[in-house]
Structure formats: C-alpha cells, structure tokens
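Comments concern the structure below.
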Amino acid sequence: MKKISILVPAYNEEEVLEALYQRLGKLANDNKSYEFEFLFVNDGSRDKTLEIIQDYAEKDQRIAYVNLSRNFGKEIAMIAGLDHVTGDATVIIDADLQDPPELIPQMIKLWEDGYDDVYAKRTSREGESWFKKASSRLYYRLLQKATHIEIQQDTGDFRLLDRRCVQALTQIRESQRYTKGMFSWIGYNKKEITYDRDQRLAGETKWNYPKLINFAIDGLTSFTTAPLRLSSLLGGVVSVAAFVYIIYLVVRTIFFGTDLAGYPSMMAVILFLGGVQLLSLGIIGEYIGRIFNETKQRPLYFVEEYHHGKTDKKTR
Ligand code: UDP
Ligand code: MG
C-alpha cells in the first residue's frame, strides 16, 4: 500500500487543530486504499498546540510530530517536516484550513498519473485587502522578469510532492529559504490544479507587512542577482551623464567664465549621487548578508522531540 504523508507546519494553531484533525481523518477514511501519515511540525508554539498534537498522537497511530526547539518560521518548519516524512508522496498543507484537504484525492490521482509535483493555484483570495493583492501581483511580475526560473503566482505551499521531489528539496540546505522558488528550481513533472482559497478558520495570520517585505527580499536575492546588475547599470548611466555634464561645464567656463551661482544644481547632483551610492551599497550588502548567513553553515533547526507514527511500513 502506498503511503501519503500530510505535512502540517503549525505555530499557535490550537483553535483550528480539532477541525483540521476531523477533516484529515475524513480524508483518510474516504481513501482507504492509501496509508496516511499526518506529520505535524510544531514550530515553537506558545499555546496548547503541542499538547493537543501529543494528545492525538497517543490515540492515533497515524499521527507523527516534530517539535522544534523554538519558533523558526514556516520556511524552516517545512524543511524540518520534509526531513521527517516517510510517505511515497507528501502533501504540504496549512493548519488553518485555508487549503481544503478535499483537494488531496485529486492530487493523489494526478500523482498516480505520473506527475511529481501537483500544486494548487488559488483563483480567489478571500479576505485579503486590495493593497495586498496589488502589491503581490506587482512583486511577482518583477520577480519573474528578474529570474529565468518560472515562479508560480498565486500558488502557496499547498501541493503534493513525490518522494524524489522531497529528496531534492531536503538536499537544499540554504538557511534563508524561499521554498516557493525551490519548488520550481528543482524541476520535475509539474501539474497545476485550481481552487478557491478560503479564509482562515480561526486564529490569526502570522504575516504582517515587515515579514512580507523580508520574504519578498529573500525571494529576490535568493533567486537572482539581477539587482546587482541593475546597480552596476545605474552606476554606468549616472557616470556617463556626469561625464557629459562635466564637459558642458568645462566648455561653458572656457567661453563664458565662471559665475558663482549653481548651488541648487550642485546640491541636486550631490544628493542624487549620494542616493545612488547608498542604494547600490545596500544591494551589495543584501548579498553579502546572504553570503555571511550561508557560510556559517549552521544547522537549519533543532528538534526537541520527534515522535513517529507507528505505521507498519517505514519507507525512508
Ligand atoms: N507557520 C509556522 N511558523 C511560523 C508561522 C506560520 O509554522 O512562524 C504556519 C502556520 O501555523 C500555518 C502556516 O504556516 O499552518 C501558514 O501560516 P498563516 O496562516 O499565518 O499564513 P497565511 O495563510 O496568512 O499566508
Ligand atoms: Mg493562513
């Protein structure tokens, strides 16, 4: 019997776990031809999330969990989960039921048809502000222009991955992870399905604008060096313009003498150049920061406890 692992990163999700567990249980009951493993990654929750999961695990053999030593963020929680799943295929799903588990049978079917990565693209984004949608659209267009890897817009982490995709992803040990890009980067046979994304069932989103902006910068800097190229280009253009202006000044001084006016234009040039320099330094700094973080080669996370479900087959 083939085994499907359902990977759920969970951070302060006590309010939704019961409903999630019900829906997942129903999924397993409706698909008896597969064995299921529900792997929860408790990402340092400060509420009762861990206790609830432990409770389920005691009664239910299908439940496995990884308890991380602190909150590491969803990207790291996902790789921790991928390191521990044992299924032939793995479905990554949010705890808050924004991704309907009812789509999973359809994913499994496509997987059986030979696809390695069946990802769910959302056709609607309920409960999100106009501004969030617009900035997200703009960002993806930009990112897509800057990198040659196709990054799927409106696609979250809700997807089914064949074991070889999982193995590929676990080999990528970058600490500042942009998993969304990695899914594309590893390649393999992809298939898209669409769905309406629901609102979060209960509890609160862990995202805020500072976090989103960080995530966006991580996405850009981990998948393209185009900003570096851009800053060199900008530097080039500004230098050429400055050179032309210098010639103009010299010629003007020779033929018309000097006048002491010109304070505003001088200030404008100084401020503009200063701005361009700071911007370029900032961009270089972003990449140096990444180099710094990656050269430390720290482990991505620490596990407090790993409890594996007692299903009969251990495939990895
Ligand atoms: N999550 C996590 N660690 C974090 C933040 C979030 O494991 O530090 C999990 C969270 O429990 C949920 C998923 O990541 O299962 C998505 O989080 P959220 O619903 O807050 O994000 P959104 O749906 O708003 O993008
Ligand atoms: Mg959510």
Side-chain angles (χ1 to χ4, degrees), residues 5-24 38-53 56 63-85 90-101 103-104 119-129 131-133 135-137 139-140 152-159 175-181 183 195-216 218-219 300-306:
S5 293
I6 312 284
L7 163 52
V8 190
Y11 174 53
N12 295 347
E13 297 286 8
E14 59 180 8
E15 285 164 86
V16 297
L17 283 179
E18 180 59 37
L20 174 72
Y21 183 52
Q22 298 291 338
R23 298 260 288 267
L24 289 180
F38 304 134
L39 177 79
F40 289 88
V41 179
N42 177 42
D43 187 17
S45 301
R46 276 184 288 269
D47 62 2
K48 294 235 157 10
T49 301
L50 179 67
E51 283 89 329
I52 297 172
I53 295 169
Y56 293 154
I63 303 258
Y65 63 85
V66 177
N67 185 29
L68 299 183
S69 60
R70 65 169 171 87
N71 177 252
F72 283 92
K74 187 187 179 189
E75 299 294 311
I76 297 291
M78 278 195 291
I79 182 68
L82 291 175
D83 283 337
H84 288 87
V85 289
T90 297
V91 179
I92 305 176
I93 190 169
D94 281 2
D96 57 8
L97 288 171
Q98 279 190 295
D99 312 321
L103 274 187
I104 294 175
Y119 60 91
K121 183 181 166 122
R122 45 187 186 246
T123 47
S124 72
R125 305 176 70 151
E126 284 297 318
E128 283 181 10
S129 68
F131 183 72
K132 191 169 174 190
K133 284 183 218 172
S135 51
S136 146
R137 194 160 345 112
Y139 172 70
Y140 280 107
Q152 288 103 14
Q153 193 183 353
D154 283 333
T155 306
D157 303 313
F158 182 31
R159 55 177 73 221
S175 59
Q176 275 166 298
R177 303 182 74 80
Y178 188 69
T179 315
K180 194 197 264 275
F183 292 133
Y195 75 115
D196 287 325
R197 186 158 166 95
D198 297 326
Q199 290 203 25
R200 174 174 255 287
L201 191 75
E204 268 170 20
T205 174
K206 278 94 201 167
W207 286 102
N208 46 32
Y209 271 104
K211 265 196 187 177
L212 274 178
I213 289 170
N214 275 334
F215 187 64
D218 273 351
L300 297 180
Y301 57 86
F302 287 109
V303 175
E304 226 272 316
E305 184 195 355
Y306 171 49

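Whatever order the structure lists them in is the order used to number ligands and atoms, beginning at 1. We count residues from 1, following the sequence as given.
Between Ala77 and ligand 1, no N or O atom pair is found at a separation short of 3.5 Å.
With hydrogens and angles left out, the side-chain atoms of Asn67 and Glu304 include a donor and acceptor closer than 3.5 Å. At a cut-off of 3.5 Å, with distance as the only test, a side-chain donor of Glu75 or Thr179 sits close to an acceptor on the other residue. Side-chain N/O atoms of Tyr301 and Arg70 include no donor and acceptor closer than 3.5 Å.
The Gln98 neighbourhood of ligand 1 comprises atoms 19 (O), 22 (P), 23 (O), with distances under 4.0 Å to a heavy atom of that residue. Remark: ligand 1 atoms within the under-4.0 Å shell around heavy atoms of Glu13 are 10 (C), 11 (O), 12 (C), 15 (O). Heavy-atom proximity to Asp43, at under 4.0 Å, picks out these atoms of ligand 1: 2 (C), 3 (N), 4 (C), 7 (O), 8 (O). For ligand 1, the atoms sitting less than 4.0 Å from at least one non-hydrogen atom of Asp96 are 19 (O), 23 (O), numbered in the order shown with element in parentheses.
In this structure, Ile63 CD1 and Leu24 CG are separated by 8.0 Å, a value rounded to the nearest 0.5 Å. Put simply, CG on Asn71 and CG on Asp43 are 4.0 Å apart, with the number rounded to the nearest 0.5 Å.
Looking only at heavy atoms of the protein, atom 14 (O) of ligand 1 is closest to Lys74 CD, 3.2 Å. Among all protein heavy atoms, the one lying closest to atom 15 (O) of ligand 1 is Pro9 O, 2.7 Å. The protein non-hydrogen atom at the shortest distance from atom 16 (C) of ligand 1 is Asp94 OD2, 3.3 Å. Of the protein's non-hydrogen atoms, Thr205 OG1, 2.6 Å is the one closest to atom 24 (O) of ligand 1. Among all non-hydrogen protein atoms, the one lying nearest atom 21 (O) of ligand 1 is Trp207 CD1, 3.0 Å. In terms of protein heavy-atom proximity, atom 18 (P) of ligand 1 is closest to Arg200 NH2, 3.5 Å. Protein heavy atom nearest atom 20 (O) of ligand 1, with residue, atom name and distance: Lys206 N, 2.7 Å.
Taking 2.8 Å as the criterion, Asp94 does not count as a coordinating residue of the Mg ion (ligand 2), since none of its N, O or S atoms falls below it.
Aromatic ring orientation, His84 versus Tyr306: tilted (interplanar angle from 30° to 60°).
For Thr123 (side chain) and Tyr195 (main-chain N/O), a donor-acceptor pair under 3.5 Å exists by modelled atom type. Of the possible polar contacts, none joining the Asp94 side chain to the Asp96 backbone as a donor-acceptor pair under 3.5 Å is found. Remark: the backbone N or O of Lys121 is not paired with any side-chain donor or acceptor of Asp154 at under 3.5 angstrom.
Rounded to 10°, the angle that OE1 of Gln98 and OD2 of Asp96 form at the Mg ion (ligand 2) is 100°.
The side chain of Asn71, and not its backbone, has at least one atom closer than 4.0 Å to an atom of ligand 1 (non-hydrogen atoms only; side chain from C-beta on).
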### Message
Quick one, Leu300 with Asp83, criterion side-chain contact (heavy atoms from CB on, under 4.5 Å). Give me CA distance, side-chain angles, the key distance, then yes/no.
### Response
CA-CA 11 Å; Leu300 297 180; Asp83 283 337; 5.7 Å; no
